[in-house]
Every structure is written in structure tokens, then in C-alpha cells.
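A quick write-up on the structure given underneath.
When a residue number appears, it is its place in the shown sequence, counting from 1. Basis for what follows: all heavy atoms, side chains included, without hydrogens, waters or symmetry-related copies. Just so you know, these numbers come straight off a predicted model, no measurement behind them. Atoms within each ligand, like the ligands themselves, are counted from 1 in listed order.
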Amino acid sequence: MSSRNNGKGRGLGYELWLGRSALPPDLGAPWLPFLGEVKVERGTAALDSASAEFARSLEGLFGTGPEAGPGSIIAGRPAFVEQTLGGKSAANGTLTGGLPPGDGFAIRLAPAAAGDKPRLAVVSTTDRGVLYGTFALLRAMATGMRPEAAVSEETPAVSFRMLDHWDNLDGSIERGYAGRSLWKWGELPVKVDPRYADYARACASVGINASCLNNVNAACEILSTEYLEKIAVIAGVLRAWGIRTFLSVNFSSPIKMGGLNTADPLDPAVIAWWSAKARELYALIPDFGGFVVKADSEGQPGPFAYGRTHADGANMLARALGSFGGIVIWRAFVYGHGETDRAKKAWANFMPHDGEFEPNVAVQVKNGAIDFQPREPVHPLFGSMEKSSLFMEFQVTQEYLGQGNHVVYLGPMWKEILDFDTHARGKGSTVARLLSAGGGAEGLDRESAPVAPLSGIAGVSNIGDDATWCGSLFHPLNWYAFGRLAWDPSLDTDAIAREWIAQTWGTDRGLIDGILAVVSPSWEACVDYMTPLCLHHIMREHHHYGPDPAFDAGEREDWRSTYYHRADSAGLGFDRTRTGSGGVDQYRKPVADLFDDIETCPEKYLLWFHHVPWDRVLSSGMTLAQELPARYARGVAAAERMRERWRALAPRIDPARHAAVLAKLDIQAADAKEWEAVCVPYFLSFAKASAKELS
Ligand code: GCU
């Protein structure tokens with residue numbers, strides 16, 4: 001029976017994937033020869049964390065039981081490793097030469113020579129790299145790899161791998177389903193919850209190096225001196241794990257906090273206010289990361305009120321932060337102006353300003369053009385903006401995907417986006433490559449550093465203060481996978497899930513296969529039972545949980561379900577072709593043509609781009625009117641199968657954890673049925689009307 005993470009410590013699931021309980025002897029044995037001595041460089045906060053991590057994890061994994069061999073593990077920067085080995089021997093060169101750049105690391109085995117003690121080294125040119133290499137080595141151990149297989153060279157794909165917390169100052173979390181905010185503002189700066197460090201450790205273990213603490217719908221008070229002093233304490237805890245702190249700011253802060261009568265980005269008093277705020281911030285937090293800004297979006301203030309552009313607004317803030325090394329992450333989630341198709345609005349708003357942003361501005365774009373739907377085609381800004389840094393924004397919290405209740409592994413969804421070929425610079429211009437090159441298509445022409453200095457992938461966090469951190473024992477998988485994919489988008493998502501399972505539930509192969517069979521199909525299942533064929537935004541208004549395809553009277557047209565699915569007797573789906581909204585032409589040519597033609601449009605995106613006649617025959621041989629209910633039924637069946645597979649794992653999992661997950665899967669299966677029961681008759685009523693018209 002699996003014993004990992006079984007409630008020792010601070011509650012069921014608290015230890016996440018870092019439980020580090022004893023490895024079975026056969027998996028531990030190959031590592032023992034190296035455990036005679038562990039020497040880790042000290043002296044910076046990140047190195048000290050790496051050292052503590054070795055001590056804690058090795059004790060958990062190997063205990064004090066078996067006799068360790070004569071060899072050693074050495075972790076540090078090149079000078080330390082060389083010094084520890086005693087001068088520049090041939091082995092030193094092999095261990096410390098030709099290292100990956102920046103926060104990359106190498107895990108190397110000293111060449112075996114007669115009489116030599118076995119040595120394993122974690123080497124990086126930076127202290128953070130040593131920390132990431134440490135976690136990589138410990139992960140290799142904990143997942144049952146052999147030492148030879150742990151040998152690797154890794155460089156993170158992007159420079160900023162960031163979690164965005166949508167936490168409010170009153171402790172609530174926008175779109176949070178895992179309790180209240182981690183940040184205990186009432187207790188800070190005096191009392192420091194140990195959770196901050198546990199959070200940072202978990203982030204660092206998967207390479208996350210940036211954290212934005214508060215909601216993009218930002219309260220002005222976050223920039224008050226009172227709050228900055230609290231934030232400085234959190235930043236200090238995060239720093240020890242290589243994480244830079246960011247804040248979301250409200251564009252009207254100079255009015256609400258500074259008593260000015262304008263927030264016009266070109267007004268000298270406004271510029272002076274932000275500059276003074278930046279000085280205050282950096283005096284308290286020297287490595288402060290920068291600002292995340294939601295402006296002129298969903299009621300948030302922005303430069304438009306003053307006749308200024310997104311670039312004017314972003315650049316003013318960027319200049320205030322620039323001399324301190326800070327950046328501005330300006331969100332592209334805007335859909336209030338121009339265009340009638342919401343999916344076209346961000347592109348229409350931002351393309352005219354491509355090339356106008358300061359070098360320390362990144363435009364952060366959601367993965368799709370609407371809003372974190374179960375499936376969306378990639379946002380057309382990726383590959384279109386040539387001269388601007390673009391960050392990816394994924395949503396780890398499952399706002400539209402069953403929230404804290406449904407087990408939905410999002411790795412495959414993110415992977416589909418990252419692997420998408422935008423054709424921005426010909427074939428092979430995948431989103432992942434664009435992001436590494438800094439987001440803008442021009443970056444792909446540069447052959448310089450593999451990772452652009454301003455490149456990033458952000459995830460809206462699913463973390464709160466509940467016992468499991470994320471709302472259930474399975475939701476941390478998405479936190480884990482987000483970090484792993486942001487570090488290396490080429491990773492296989494089943495392999496990531498296997499790592500997480502091995503570290504969270506146990507290393508037994510049958511157990512890993514069994515749990516993988518639950519999570520691996522879960523995203524496609526969710527797409528099928530909620531929004532098959534790329535239906536979108538047919539969730540209940542505001543809370544976005546259950547089905548409400550008939551919803552047609554909300555505050556705004558583009559919050560109504562009927563606006564998106566457009567069901568009528570002629571067919572179903574949003575026509576974004578050249579004869580419809582023209583949304584397809586926001587993509588590069590070969591992609592635009594592919595989406596525009598109903599014959600070539602991938603079926604998974606069909607109802608996003610086409611208003612499809614009910615009697616159109618799809619690849620299955622069924623008409624749309626037959627396919628749609630079949631897809632819903634397939635989703636329900638898949639959710640039920642996930643539950644059955646989990647039930648079958650009962651003998652291998654401790655009863656408390658098994659029951660906790662089963663309770664979630666019960667809800668998921670029931671909800672899937674509800675989606676089917678509501679959506680199928682609703683949509684088919686249009687198909688029937690169509691059949692009547694035809695007869
Ligand atoms: C969604 C979400 C909001 C959030 C917004 C954003 O619309 O429902 O709660 O504020 O995205 O990303 O800014």
C-alpha cells in the first residue's frame with residue numbers, strides 16, 4: 001500500500017510531491033555508492049536551500065538504514081566543485097566544463113577509473129541553477145531512476161516561470177477553489193507562516209522562479225507602505241528559493257493612493273509618483289520583479305481614459321522600474337473596444353502597437369482568444385506580434401474545467417498550445433520556440449542565446465490555504481506540470497504525470513500505471529462532456545461551473561452562451577471564417593487557410609471557426625446532429641471509467657486518500673451527466689427544427 005504523502009506532517013496531501021518517504025531497497029541500492037559524503041556549496045540563500053534540501057530528502061529517501069558506499073555527491077558552482085575535488089584533475093574538467101548558460105545545470109558522473117570513488121556532481125554557474133539541479137537529482141532518485149539515467153544538461157526554456165495569484169487583500173481568491181489566500185496579511189510582517197517557505201520550496205522544485213502575489217483586479221492598497229513592508233517579508237522567504245516577487249498594480253493608483261487627480265501616463269506628476277513608488281519598493285525589495293497590469297479590461301482603469309495607448313501605459317511603468325532591473329507584464333486580455341467578435345479584440349488592440357513597447361515590457365497573452373476554455377485554439381497574437389516580447393498565460397486554477405471538483409490533468413492542454421505551429425517564420429515556428437526566443441516572431445531569426453532575457457510563461461495559480469494546497473489530492477498535479485512544462489515544453493506530459501505520481505503516491509509500477517490511466521485521458525474527457533468540438537463559454541454566468549447553453553440575457557452580449565454557440569436551425573458554432581467574422585485571418589497564412597476551410601479545419605476546433613450544418617457528415621461518418629450527443633456520451637463514459645479505475649486501485653492506496661479522491665470523482669461523474677442532460681436536448685432541439693424545415 002502506498003505510504004507517500006499520507007498525512008504525516010500537516011494533513012493529508014500537505015507534503016505535495018515532496019513527501020520523500022523511504023525508497024524500496026531495489027530502487028535505492030544503485031544510489032548508495034554515492035552517499036558516502038554529500039558536499040554542497042553554501043553561502044547564498046539559494047545554496048543554503050539546496051544544502052538543506054539534500055539533507056532533508058536524502059534522509060527521507062534512504063533513512064539511516066543501509067550502509068552508504070565510499071563515493072560522494074558534490075553540488076555547487078564550478079569553483080566549489082573543483083576545489084572540493086582538489087584542484088584541476090581530468091575529472092574536474094569533465095565535471096565542470098561547458099556548462100549550460102544561466103540557471104541551467106548539469107548532473108554529471110565522474111568517469112570511472114580504477115580505484116576511483118564514484119562521484120556525482122550537480123554543477124551550475126549560478127546558485128539558482130545549483131538549486132534546480134539539486135531538485136532534478138533528488139527527483140531522479142525519488143522516481144526510481146538509476147544514476148546513469150540522471151546524467152543530464154538542462155537549460156530552462158524561458159527566463160520567467162511564474163505563478164500569478166489572483167489573491168485579494170481580504171484573503172479571498174478570485175477563481176480560487178482551494179481555501180483562502182496563502183498570504184496572511186493580518187499577521188504580516190510580524191508573523192511569518194511556515195507555509196510561505198513550503199510553497200516556495202515546492203515552486204523551486206519544479207523550476208518556478210517568479211510569483212505575483214495579488215489579483216490582477218488589483219486593490220490600490222497593495223502599494224501602500226504598510227503592505228510593502230509585509231510584502232518585503234514574503235519576498236525574503238521566496239528569495240531563498242530563487243523566486244522573485246511581483247505585484248499586480250491598479251493603473252489608477254496615483255489617484256487613489258497618491259491623491260493626484262489623474263493617472264494619465266504622460267502626466268509628469270503621474271510619472272513622478274510611479275518613480276517614487278519604484279524607489280520605495282526597491283529600497284525594501286532589491287530584487288523585486290516588477291508589475292503585472294490588467295488595464296482597460298473588465299472595468300479596470302487604464303490609459304484609454306486619457307486618450308493614451310497600451311504602449312503609453314506600459315512604457316511609463318517600465319521606465320519607472322527599468323533602472324532597478326524590473327519589468328512590466330502588461331496583459332492582453334482586453335475585449336471592450338472595437339470588433340464584434342470577442343476573439344478578435346486583443347489582436348485588434350495590440351497589433352497596431354507592435355514594436356512600440358520598451359524592452360522591459362512583456363505583453364502577457366492568454367493561451368486562447370476567449371478565456372481559458374476547456375479547449376481553445378492558440379491565441380492569434382502568438383506568431384503575429386513580431387517585435388514585442390510575449391509571455392504565455394495559462395490558467396492552472398480550473399475556472400472553467402470543474403474547479404476544485406473535477407480531476408482534469410491540464411498538461412496535455414498546455415502541450416497542445418506549446419506545440420502549435422504558428423508558421424510565423426515558416427514551418428516549425430511553434431509557440432514553445434517563440435516563447436523561448438522572447439515571444440515575438442523576430443526573435444526566431446536571432447541565433448544568440450537559447451533563451452531570451454525577457455521570455456516567460458505564467459500560470460494563474462490553483463493554490464490556497466487548504467490542506468491539500470489545491471483543493472484536492474489530484475489538483476497539485478497541475479501545479480507540478482505547469483512548472484515542469486514552463487521549464488521544458490518538450491517534456492512528455494505522461495512522463496510528467498508519472499514523475500508526479502511516483503513522488504506523490506509511490507513508485508510501484510502497477511500503481512503508477514493505474515493512476516496514469518485515471519489522469520491521462522481526463523482533459524479530453526472534460527472537453528467531451530463540457531464543450532465538444534470546441535464549443536465554448538456555455539458555462540453558467542459568473543461562477544462558470546455548470547452548463548447553461550440557453551443563457552442569453554446577461555449584462556454583456558459576450559458573456560452570453562448563445563453569443564458563442566450560435567445554435568439555430570442552420571447549424572451550430574461561431575463562424576470566424578472569411579465570410580463570417582474573419583477571425584481566421586488573424587493567423588498566419590497557412591494556418592488561416594487551414595482554419596478557414598471546413599474541409600481542413602481540425603475537427604477539435606470545428607465549432608470555434610465554423611457554423612456547421614446539422615447534417616454535415618464528420619470524420620466518424622456521423623452527422624453533426626449525431627456526433628454531438630455521441631461526444632457528450634463519450635465524455636460521460638470516460639468520467640465514469642476514471643472513477644472505476646480509481647476504485648480498482650483501492651487495495652494499493654491508503655483508505656483516507658483513496659476515499660478523498662473517490663468523492664471528487666463521484667462529483668465529476670455526476671457533473672458530466674448533468675452537462676450531457678442539459679446540453680444534448682438543448683442543442684438537438686435546433687437540429688430537430690432544422691430537420692423539420694428540410695422535410
Ligand atoms: C476571467 C475571469 C476573471 C478574471 C479575468 C482576467 O474573465 O473570469 O475572474 O479577472 O479572466 O483574466 O482578468
Strictly by modelled atom types, are T468 and D466 linked by a side-chain donor-acceptor pair under 3.5 Å? yes
For ligand 1, list the protein residues that place a heavy atom within a distance below 4.0 Å of one of its atoms, sorted by chain and number. W166, E174, R175, V216, N217, K294, E298, R331, F333, K366, D371, E399, H544
I'd like to know if the side chain of D167 pairs up with that of N214 as donor and acceptor (distance under 3.5 Å, no hydrogens or angles considered). no
Is it the case that the side chains of E358 and N315 hold a donor-acceptor pair, with the cut-off being a distance below 3.5 Å and no angle test? no
Check whether NZ of the Lys or CZ of the Arg R566 lies under 6.0 Å from the centre of the six-membered ring of F574 and within 45 degrees of that ring's axis. yes
Please find out if less than 6.0 Å separates the ring center of W347 from that of H379. no
Residue set satisfying ring-ring contact (aromatic ring centres under 6.0 Å, His included) with F391, at least two apart, ordered chain then number -> F160
